[in-house]
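Structure record follows, encoded as structure tokens.
These figures come from a predicted structure and were not determined experimentally. In listed order, ligands and their atoms are each counted from 1.
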Amino acid sequence: VTVEMKSSKVAIVRMNRPPVNALSKDLMHGLRRTICDLEDNDVKGIVLTSSSKVFCAGLDLAELLNPTQEFVSSFWKELQGLWITLYSSRLVTVAAVNGAAPAAGCMLALSCDYRMMSSKNVIGMNETKFGLFPPPWFVELMADTVGRRKAEMLLLQGTLLSTEDALACGMIDQIVE
Ligand SMILES: CCCCC/C=C\CCCC/C=C/C(=O)SCCNC(=O)CCNC(=O)[C@H](O)C(C)(C)COP(=O)(O)OP(=O)(O)OC[C@H]1O[C@@H](n2cnc3c(N)ncnc32)[C@H](O)[C@@H]1OP(=O)(O)O
């Protein structure tokens with residue numbers, strides 16, 4: 001994770017884990033630590049974005065291949081900790097979604113106060129496409145953002161929306177070129 005101060009009050013927080021910013025336990029820990037440090041340093045707002053062409057590919061599936069029970073438990077704890085920290089942060093949080101944002105990548109964006117997204121990208125929770133269902137707090141984030149019925153349809157079908165469709169249903173707030 002890298003931090004660039006745009007002024008004394010606003011920080012650009014970039015996920016920097018090539019090639020796709022898959023959320024490993026370490027990346028989630030780094031993000032949470034960064035947000036907490038900025039909160040402690042009188043910063044007012046952050047822009048969360050990526051230093052590569054993918055915003056975030058979701059959970060690191062490679063790390064979840066044949067994990068120990070202990071690792072799964074600590075991984076899950078880190079994921080919940082990151083969500084709680086970002087969602088409940090006192091900072092004004094803006095997601096600048098500059099690449100694909102599937103599954104937990106979408107969760108990160110939806111946990112921010114405002115979402116802008118570049119065109120020709122995709123965002124959504126596609127977990128059902130590979131036989132999983134998103135955890136309840138992902139579901140609630142989606143329902144709070146686009147409405148319960150729309151969320152139900154998107155989640156059941158594991159739909160990844162284009163930038164334009166995401167704007168149309170309120171999943172994002174602005175398209176930025
Ligand atoms: C801890 C408890 C576990 C229990 C589970 C139980 C409950 C359910 C939890 C459900 C919540 C799940 C949330 C998730 O986030 S699951 C992850 C879902 N993510 C995806 O479906 C995205 C998959 N990736 C893509 O669609 C594309 O890679 C892309 C993000 C659109 C980028 O495309 P592109 O730029 O064309 O890159 P490549 O596809 O060529 O990928 C480059 C390399 O990156 C690797 N990769 C991609 N995604 C992931 C990932 N999520 N985790 C790990 N690695 C990933 C890909 O394999 C390529 O690697 P290579 O160069 O070595 O081949």
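The protein reaches atom 35 (O) of ligand 1 closely, with a heavy atom under 4.0 angstrom from it. Counting only heavy atoms, the protein never gets under 4.0 Å from atom 29 (C) of ligand 1. Per-atom contact check: atom 25 (C) of ligand 1 does not touch the protein, criterion being a heavy-atom distance below 4.0 Å. There is no protein heavy atom closer than 4.0 angstrom to atom 5 (C) of ligand 1. Per-atom contact check: atom 44 (O) of ligand 1 touches the protein, criterion being a heavy-atom distance below 4.0 Å. When distances from atom 61 (O) of ligand 1 to the protein are checked, no heavy atom turns up under 4.0 Å. Distances from atom 52 (N) of ligand 1 to the protein include at least one heavy-atom value under 4.0 Å.
Counting heavy atoms from C-beta outward, Met28 and Lys77 have side chains that stay 4.5 Å or more apart. Residues Val97 and Leu108 form no side-chain contact, since every pair of their non-hydrogen atoms from C-beta on lies 4.5 Å or further apart. Looking only at side-chain heavy atoms (C-beta outward), Val54 and Pro19 stay at 4.5 Å or farther from each other.
For atom 58 (C) of ligand 1, the closest non-hydrogen atom of the protein is Pro19 CG, 5.0 Å. Nearest protein heavy-atom neighbour of atom 31 (C) of ligand 1: Ala100 CB, 3.9 Å. Distance from atom 50 (C) of ligand 1 to its nearest protein heavy atom, with residue and atom name: Leu59 O, 3.6 Å.
The aromatic rings of Tyr87 and Trp83 lie parallel to each other, with less than 30° between the two planes, well short of the 60° mark.
Between Lys25 and Asp60 no salt bridge is recorded (no basic side-chain N to carboxylate O distance below 4.0 Å).
Taking every heavy atom of Phe75 and a limit of under 4.0 angstrom, the matching atoms of ligand 1 come to 1 (C). Heavy-atom proximity to Val72, at under 4.0 Å, picks out these atoms of ligand 1: 1 (C), 2 (C). Residue Gly58 has at least one heavy-atom neighbour below 4.0 Å for each of these atoms of ligand 1: 15 (O). Ligand-side atoms of ligand 1 in range of Pro102: 22 (C), range being under 4.0 angstrom from any heavy atom. The distance from ligand 1 to the heavy atoms of Val54 drops below 4.0 Å at these ligand atoms: 30 (C), 32 (C), 35 (O). Each of the following atoms of ligand 1 lies closer than 4.0 Å to a heavy atom of Ala22: 50 (C), 52 (N), 53 (C).
At least one N or O atom of Ala104, backbone or side chain, sits closer than 3.5 Å to an N or O atom of ligand 1. In terms of polar-atom proximity, Trp76 is not counted as a contact of ligand 1, lacking any N or O under 3.5 Å from an N or O of the ligand. Remark: ligand 1 and Ala62 share no N or O pair separated by less than 3.5 Å (distance only, no angle test).
The environment of CD in Glu70 is sparse: at most 12 heavy-atom neighbours from other residues, nucleotides or ligands sit within 6.0 Å.
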Inset, instruction - Run the numbers on Ile172 and Leu167 for side-chain contact (heavy atoms from CB on, under 4.5 Å), then give the verdict. - result: CA-CA 5 Å; Ile172 62 162; Leu167 181 68; 3.9 Å; yes
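For atom 22 (C) of ligand 1, the nearest non-hydrogen atom from the set Ala103, Gly105, Ala57, Gly158 belongs to Ala57. Considering each of Glu127, Glu78, Lys53, the one bringing a non-hydrogen atom nearest atom 12 (C) of ligand 1 is Glu127. In the candidate list Val20, Asp60, Leu64, Val20 is nearest to atom 55 (C) of ligand 1, counting heavy atoms.
You'll find the ring centres of Trp76 and Trp137 inside the 6.0 Å limit.
When every heavy atom of Thr85 is checked against every heavy atom of Cys36, the shortest pair comes out as CG2-SG, 3.9 Å. Looking at every heavy atom in both residues, Lys129 comes nearest to Gly158 through CG-O, 3.7 Å.
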